[in-house]
Amino acid sequence: MASYVLTVACESTRGIIAAISTYLAEMKCNITDSSQFDDAVTGAFFMRVSFDSEGGVLKDELAEKFGPIAEQFGMEAEFHDLSVRPKVVIMVSRFGHCLNDILYRWRIGALKIDIVAVVSNHLDYQKVVVNHDLPFYHVPVSKENKASAEARMMEIVEDTNADLIVLARYMQVLSNEICRKMSGRIINIHHSFLPSFKGANPYKQAYERGVKLIGATAHYVTADLDEGPIIEQETARVTHAQSAADYVTIGRDVESQVLARAILAHAQQRTFVNGDRVIVFPPSPGAYASDRMG
Ligand SMILES: Nc1nc2c(c(=O)[nH]1)N[C@@H](CN(C=O)c1ccc(C(=O)N[C@@H](CCC(=O)O)C(=O)O)cc1)CN2
C-alpha cells in the first residue's frame, strides 16, 4: 500500500477540508493524519494530509483528478510519494559537527534523505564523506573566484537533480541569484538565536553582550543574510564564568539538533513558508518507525 502526502496552500474559505476528504475517499484513500492552519491575519490556509492509497491509485493520477478541486479553490497543491527521498546537497566549511551529525542520522535511517553530494570550500571532511561512499566536491572560494565557485556549486546541484541544499556551517554568503533560484530549498544553520547576532562570529557577539542564553536557528536562506524564514530554534544556558570558546562547545550539539529537526520537517513535507514565517506541522504517526537504531 502506497503512502502519500497532499500539501495545499490557498486562500481560506469554507469547504476546503470537506472537498479534500471527500475526494480522497472517492479515490479509495484512507487519511492517516491531517494538519491545517488558517492564518486569520493574512487570510491564507495551509493543509497537510497524509493518506494510504488502498485502491493502488498512483500519485500522478491522484494529482490529475484533483485538478478541478485545486482550480476551484485556487490551490497550490502537490501530491508527494513518501517512499521517494528528497535529494540533498550538503555544504560545509571548517566546522563539521553538523555534517557529521547529518551523516550519522542518515546512516541509521533517521533522516530519510538521499545525500547526492557534499560540497566544501575546504578539504577537511573529504575523507569522512568518501568513507560514507558519498560524492565529495572541493570547490574553493575566494573573493576573486566567488562567481565561478557558485556556478560550479549550481552545476553540482543541477547535475544531481538536488531538491534541497543544506548549509551545514557553510561560511560563504550566497548570491542573490542562487537565493532567488532556490527559494525555499536552501536551509542554513545559524549559530545564534536569531534575530540576535546575525552575520559572522555570533558567539563572540553573544559573549561581548553578556547573554545568559545562546542558541541556534535553522532558516530558509534568502538574499538578506540570516533574515530568512525561521524553521527551528533552540537555546542553551550560559553563565558569566564561560568564554566565547565555551559557547562554541555548548552550542555545537544545539546547532546539530536544530538543523536535523529542520531537515526532517522539510523532508517530510511539514514546512510551509507563509510570508516571513514558516508553518511547521507535527510529524505524522509512525514517522520515526523505520529508524534502525530506535
Ligand atoms: N545569501 C545568504 N547566504 C548565506 C546565508 C544567508 O542567510 N543568506 N547564511 C550564511 C551562514 N552564515 C551564518 O550562519 C554566514 C556565513 C558567512 C558569513 C560571512 O561573512 N562570510 C564571508 C567569508 C568568511 C570566510 O571566508 O571565512 C563572505 O562570504 O564574504 C556570514 C554569515 C551562509 N550564506
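Computed from a prediction, not measured in an experiment: that's the story for all the values here. Read the numbers this way: they start at 1 and go in the same order the structure lists the ligands and their atoms.
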Taking non-hydrogen atoms only, is L225 closer than 4.0 angstrom to ligand 1 via side chain, backbone, both or neither?
both
Is the closest heavy atom of H219 to ligand 1 under 4.0 Å?
yes
How many angstroms lie between atom CZ of F66 and atom CD of E61, to the nearest 0.5 angstrom?
14.5 Å
Is ligand 1 under 4.0 Å from a heavy atom in the side chain of T222, in the backbone, in both, or in neither?
backbone
For atom 34 (N) of ligand 1, which of E177, Q172, M171 has the closest heavy atom?
Q172
Would you say K146 contacts ligand 1, with heavy atoms under 4.0 Å as the rule?
yes
Please compare D224, I189, L174 and report which has the shortest non-hydrogen distance to atom 1 (N) of ligand 1.
L174
What is the distance from atom SG of C98 to atom NE2 of H191, rounded to the nearest 0.5 Å?
9.5 Å
Within the 3.5 Å criterion, strictly below it, is a donor on Q233 or T217 matched to an acceptor on the partner's side chain?
yes
Less than 6.0 angstrom from the centroid, inside 45 degrees of the normal: does R270 satisfy that with respect to the ring of F281?
no
Relative to atom 10 (C) of ligand 1, which among I187, N188, I178, V173 owns the nearest non-hydrogen atom?
N188
Rounded to the nearest 0.5 Å, the CG atom of L24 sits from the OG atom of S21 at a distance of 7.5 Å
How about Y4 and F79: are their ring centres within less than 6.0 Å of each other?
no
Name the option, out of D226, N201, V221, that contains the heavy atom nearest to atom 7 (O) of ligand 1.
D226
Just to check, does C179 reach to within less than 4.0 Å of ligand 1 when the distance is taken from its heavy atoms?
yes
Looking at R261 and E232, is any side-chain nitrogen of the basic one under 4.0 Å from a carboxylate oxygen of the acidic one?
yes
Would H190 count as being in polar contact with ligand 1, using the rule that some N or O on each side must be under 3.5 angstrom apart?
yes
